[in-house]
Amino acid sequence: MGSLEQNAPAGRGMGVETVAGILREEIPIANNLTPGAAVMDGSQQQNSGVNHHHEVSVMAAAGNGLKKRVTIPLPLEVGTRVLCRWRDGKLHPVKVIERRKLNSGPDDYQYYVHYNEFNRRLDEWVKLDQLELESVEADADEKVEDKAGGLKMTRHQKRKIEETHAEEGHEDFDAASLREHEEFTKVKNISKIELGRYEIDTWYFSPFPPEYSDCSKLFFCEFCLSFVKRKEQLARHMRKCDLKHPPGDEIYRQGSLSMFEVDGKKNKIYGQNLCYLAKLFLDHKTLYYDVDLFLFYILCECDDRGCHMVGYFSKEKHSEEGYNLACILTLPPYQRKGYGKFLIAFSYELSKKEGKVGTPERPLSDLGLLSYRGYWTRILLDILKKHRGNVSIKELSDMTAIKTEDVITTLQTLELIQYRKGQHVICADPKLLERHLKAAGRGGLDVDASKLIWTPYKEQGG
Ligand code: ACO
Ligand code: ZN
């Protein structure tokens, strides 16, 4: 490369692709609001009716179907429930999670909002003019007693916890730890990262060390995953860093795809960096600083510049609960291309080599659940089709390394199983199987088990 200039892009002249907006159809996954201080101009202030008494007068719906004039103090309180105009142009109910003052004037605030209907990854900073002040809910947050915990909570906080609790992915959290989690992680700290040739909008809070709390963008070395605050620092690092692939052993290669196994004990810093990075896209996962106990399986796309990380999963060296996967992530630029299903399939191939059945660690995220359901459905129905239904749950589990409970819930969801006289009976009508298979989506990238060169952890004398 000769002499790299100070500002050379991390992607070595490849340029940076922005991954923003709604990437795919069904589940919106990324923010596209540019972070940083937005400045409201005078006309917007006038439109939203802000006056110098720090309150605004609006017409709001009264109970009798008529409208009445109400006064709303500004800035809005944290906890306020109101409608907010989202990027689809429509109004959606939100709750104000946090607010911050802008430099431009005494009345200028931005509000960090959570959309009730959407996953927390879409929480974002909005300006006052995106909020429909007529819709501010009249009942202020009153303190109510939480009998179970004896803790003071506002009614809204309580409602929030109950609402969230009912959602998929939170069933393993009790109210107190969920509250603690949500309080600590309520506002995203890092809003963008640069990794290889991509600039990526982040989804969630990640507990980076305090010295990184003042920057909204971080620059990662795509090979050793160390991170810095400035592009010039990364350029300097890239000149020194001699890694061109993840540390550890390459245990699988198929065309330009490679899998590397990284032992968290042998590569502690790499393991920790990976956890910081991954947490930006994983919500309800505890960050394990104790990376010694884990193996990391890194999926890469390789070319003449090196092996570029696409995604990964982690696995405990010894899992008492029978988990064969702790966390799974496909980096946003690579999502919906079948890599998630590849990683899931890979985790079951490792279990087969271990002679065990496995299951992913709970709770599963919304996207995690969709991916697993899709994978389980496709694998199980393919077998049922081949055996014309003449196969037991135990046999299905043995053939696939999918834990029997997951086999049962998958078939139950598809209504292919009945519980008769204390036994589960599979009913596999070929037409029904075909219909479910079509609905289960694409198969994803297949794992060629013959290309896996691997011995289970315990056999390496660890
Ligand atoms: N909207 C709707 N369905 C989706 C979406 C989406 N945005 N993303 C994935 N799916 C579903 C689809 O059914 C898809 O199959 P299809 O494309 O054939 O329809 C299926 O999931 C899997 O698609 P893949 O392309 O194989 O998976 P991907 O590479 O996108 O990775 C993953 C899936 C790993 C869950 C990814 O979404 C991700 O990294 N999410 C953030 C981290 C996360 O939530 N991880 C799981 C946490 S739980 C745990 O770690 C145990
Ligand atoms: Zn590096």
Side-chain angles (χ1 to χ4, degrees), residues 10 21-30 118-122 168-170 172 195-196 200 202-204 206 219-228 233-247 267 269-270 273 275 277-288 299 301 306 309-316 319 321 323-347 358-378 406 437-447:
I22 306 177
L23 288 185
R24 304 284 181 255
E25 51 296 16
E26 308 93 328
I27 297 189
I29 53 180
F118 305 142
N119 183 282
R120 289 202 327 155
R121 70 176 72 89
L122 294 160
E168 198 71 57
H170 299 82
D172 292 359
L195 178 76
I200 307 171
T202 65
W203 295 3
Y204 304 110
S206 177
F219 298 82
F220 279 81
C221 167
E222 61 167 328
F223 302 117
C224 72
L225 302 185
S226 57
F227 46 88
V228 289
Q233 288 174 297
L234 181 66
R236 222 174 300 139
H237 171 89
M238 296 316 287
R239 269 174 274 163
K240 285 186 305 193
C241 185
D242 46 19
L243 273 184
K244 285 284 173 279
H245 55 75
N267 294 283
I269 302 292
Y270 182 88
N273 291 346
C275 288
L277 169 66
K279 180 63 195 68
L280 293 167
F281 306 99
L282 285 154
D283 191 6
H284 289 283
K285 282 288 175 190
T286 328
L287 192 75
Y288 293 103
L299 176 62
E301 269 181 3
M309 176 167 129
V310 162
Y312 88 103
F313 69 88
S314 56
K315 176 181 166 102
E316 276 173 284
S319 168
E321 296 89 346
Y323 296 138
N324 64 350
L325 178 148
C327 294
I328 178 170
L329 168 72
T330 303
L331 289 165
Y334 298 98
Q335 286 177 3
R336 284 316 283 280
K337 296 178 198 285
Y339 290 121
K341 277 182 226 152
F342 178 92
L343 289 167
I344 293 173
F346 203 92
S347 72
T359 189
E361 191 181 300
R362 303 303 197 276
L364 295 176
S365 66
D366 53 350
L367 295 169
L369 184 70
L370 275 172
S371 304
Y372 267 97
R373 281 245 173 95
Y375 174 79
W376 289 330
T377 301
R378 179 156 285 282
D406 298 333
L437 268 171
K438 278 218 180 80
R442 297 161 291 177
L445 297 158
D446 284 327
V447 176

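As a basis for the values below, the full set of heavy atoms in this structure was taken, side chains included, without hydrogen atoms, waters or symmetry mates. None of these values were measured; they are calculated from a predicted model. Just follow the structure's listing: the first ligand is 1, and inside any ligand the first atom is 1.
For ligand 1, the atoms lying closer than 4.0 Å to a non-hydrogen atom of L370 are 2 (C), 3 (N), 4 (C), 11 (C), 21 (O). Taking every non-hydrogen atom of G368 and a distance limit under 4.0 Å, the qualifying atoms of ligand 1 come out as 35 (C), 46 (C). Proximity to C327 (heavy-atom distance under 4.0 Å) selects the following atoms of ligand 1: 50 (O). If you number the atoms of ligand 1 from 1 as listed, the ones under 4.0 Å from a heavy atom of A326 come out as 49 (C), 50 (O), 51 (C). Annotation for ligand 1: atoms under 4.0 Å from non-hydrogen atoms of T330 are 28 (P), 29 (O), 31 (O), 34 (C), 38 (C), 39 (O). Of all atoms in ligand 1, listed by their number and element, those nearer than 4.0 Å to a heavy atom of F281 are 41 (C), 42 (C).
Contact annotation for E361 and ligand 1: only backbone heavy atoms (N, CA, C, O) come within less than 4.0 Å of the ligand. With a 4.0 Å cut-off on non-hydrogen atoms, Y375 does not touch ligand 1 at all. Both the backbone and the side chain of L329 come within 4.0 Å of ligand 1, counting heavy atoms alone. Residue contacts with ligand 1 for K337 involve N, CA, C or O but no side-chain atom from C-beta outward (heavy atoms, distance under 4.0 Å).
With rounding to the nearest 0.5 Å, the separation of CD in E222 from CG in L331 is 10.5 Å. Within the model, atoms OG1 of T359 and CG of L364 stand 7.5 Å from one another, a figure rounded to the nearest 0.5 Å. For the atom pair L299 CG and F346 CZ, the distance stands at 8.5 Å (nearest 0.5 Å). We find the SG-CG distance between C221 and N273 to be 9.5 Å, quoted to the nearest 0.5 Å. A distance of 9.5 Å separates CG of L195 from CZ of F223, quoted to the nearest 0.5 Å.
Taking the six-membered ring where tryptophan is involved, the planes of F220 and F227 are tilted, since the angle between them lies from 30° to 60°.
Between L329 and A278 the shortest heavy-atom distance is CD2-CA, 3.9 Å. Taking every heavy atom of both residues into account, G311 and L343 meet most closely at C-CD1, 4.2 Å. The minimum heavy-atom distance linking S347 with N324 is given by the pair O-ND2, 3.6 Å. Nearest heavy atom pair, residue Y334 against residue M309, reads CE1-O, 3.7 Å.
At least one heavy atom of W203 sits less than 4.0 Å from an atom of ligand 1.
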Run the numbers on R362 and D406 for salt bridge (charged side-chain N to carboxylate O under 4.0 Å, His left out), then give the verdict. CA-CA 12 Å; R362 303 303 197 276; D406 298 333; 3.0 Å; yes

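Taking a cut-off of 2.8 Å, the protein N, O or S atoms nearer than that to the Zn ion (ligand 2) are C221 SG, C224 SG, H237 NE2, C241 SG.
Between the side chains of Y204 and N119, at least one donor N or O lies within less than 3.5 Å of an accepting N or O.
Relative to atom 27 (O) of ligand 1, the option among P363, A345, G338, G340 with the closest non-hydrogen atom is G340. Nearest to atom 6 (C) of ligand 1 by heavy-atom distance, out of R336, R373, R362, R378, is R336. Comparing V310, L367, L369, L282 against atom 37 (O) of ligand 1, the shortest heavy-atom distance belongs to L367.
Judged by distance alone, with hydrogens and angles left aside, the side-chain atoms of S314 form a donor-acceptor pair with the main-chain N or O of C327 at under 3.5 Å.
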